[in-house]
Amino acid sequence: MKFEDSKYSKRFAYKKEVFPFGTLYLTKYFIVSELNEGVHVDYTIAGEIISRCSKYVHKGDKISYIANRYNSYSFNPQIWVDFNNEYDFLIATAIVSYSNFSHLNASLEKQFFSKSLKRCKSLDEAINWVINLDEITKVTN
């Protein structure tokens, strides 16, 4: 399910950012990425995403990232290592997998990510998990 087709697009205010390689939805508590079929996420694409997010994420903000992978694409897992060293605004990541192969890739990525990374079977599961993290519930309650 795409974010805009979910109940969460009505529940959370968001900004939509469209790139040639996919779309980001930025809320106060999480970012959802929906990348295009066949894309390879490398440092160039990751840099574009980070640059665009920096318009909305301010110093001291703590948010989560959700990769809604309803399309098949590849990801350089080394990016997670570099990201962890350079940025501190992410508290956790959820990867929504719609196939066994995507789930296996998410398992590999989990080895490179130093923070909490949950593999989910649905966008609903991912969003419920991230909004119930301690760091988020402290802000929303």
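This one's a predicted model, so the numbers in the text were calculated from it and none came from an experiment.
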Next item on the list: Compare all side-chain heavy atoms of Leu133 with those of Lys118 and state whether any distance is below 4.5 angstrom.
Entry: no
Check: Going by heavy atoms in the side chains, are Val41 and Tyr73 under 4.5 Å from each other?
Finding: yes
Note to self: Using the salt bridge (Lys or Arg N to Asp or Glu O under 4.0 Å) criterion, which residues pair with Lys16? Sequence neighbours excluded.
What the structure shows: Glu4
Check: Quick one: does Glu37's side chain get under 4.5 Å of Ser72's, heavy atoms only?
Finding: yes
Checklist line | From OG1 (Thr27) to CD1 (Ile131), nearest 0.5 Å | finding: 9.5 Å
Next item on the list: Please round to the nearest 0.5 Å and tell me the distance separating atom CD1 of Ile50 and atom CD1 of Ile45.
Entry: 12.0 Å
Note to self: Within the 4.5 Å heavy-atom criterion, are Asn68 and Tyr98 side-chain neighbours or not?
What the structure shows: yes
Checklist line | Listed partners of Glu48 passing side chain to side chain contact (heavy atoms under 4.5 Å, CB included), at least two apart | finding: Phe19, Phe21, Thr44
Next item on the list: Identify whether Met1 and Leu24 are in the same connected component of the hydrophobic contact network (ILVMFWY, side-chain heavy atoms under 4.5 Å).
Entry: no
Next item on the list: State which residues pass side-chain hydrogen bond (donor to acceptor under 3.5 Å, both in side chains) with Ser33; sequence neighbours excluded, sorted by chain then number.
Entry: Tyr65
Checklist line | salt bridge (Lys or Arg N to Asp or Glu O under 4.0 Å) partners of Asp124, counting only residues at least two apart | finding: Lys7
Next item on the list: Starting at OH of Tyr25, measure out to OG of Ser9 and round the result to the nearest 0.5 Å.
Entry: 9.0 Å
Notebook entry, point to check: Considering the options Val32, Asn36, Val18, which one meets the side chain to side chain contact (heavy atoms under 4.5 Å, CB included) requirement together with Thr23?
Noted result: Val18
Next item on the list: Using side chain to side chain contact (heavy atoms under 4.5 Å, CB included) as the criterion, list what pairs up with Ser54, not counting sequence neighbours.
Entry: none
Note to self: For a ring pair (Phe, Tyr, Trp, His ring centres under 6.0 Å) check, start with the C-alpha distance between Phe3 and Tyr14, then their side-chain angles and the critical distance, and finish with the verdict.
What the structure shows: CA-CA 10 Å; Phe3 177 74; Tyr14 66 92; 5.1 Å; yes
Next item on the list: May I ask you to test the Ile66-Val96 pair for a side-chain heavy-atom distance under 4.5 Å?
Entry: yes
Next item on the list: Could you pull out all residues at least two apart from Glu17 that satisfy salt bridge (Lys or Arg N to Asp or Glu O under 4.0 Å)?
Entry: Arg52
Notebook entry, point to check: Are the side chains of Ile127 and Tyr29 in touch, meaning some heavy atoms are under 4.5 Å apart?
Noted result: no
Note to self: Ignoring hydrogens, what is the shortest heavy-atom contact between Cys120 and Ala94? Give both atom names and the distance.
What the structure shows: SG-CB, 4.1 Å
Checklist line | Point-to-point distance, once rounded to the nearest 0.5 Å, from CG of Asp61 to SG of Cys53 | finding: 11.5 Å
Next item on the list: Report the distance from atom NZ of Lys15 to atom NZ of Lys28, rounding to the nearest 0.5 Å.
Entry: 13.5 Å
Notebook entry, point to check: Are side-chain heavy atoms of Phe12 and Phe30 found at a separation under 4.5 Å?
Noted result: yes
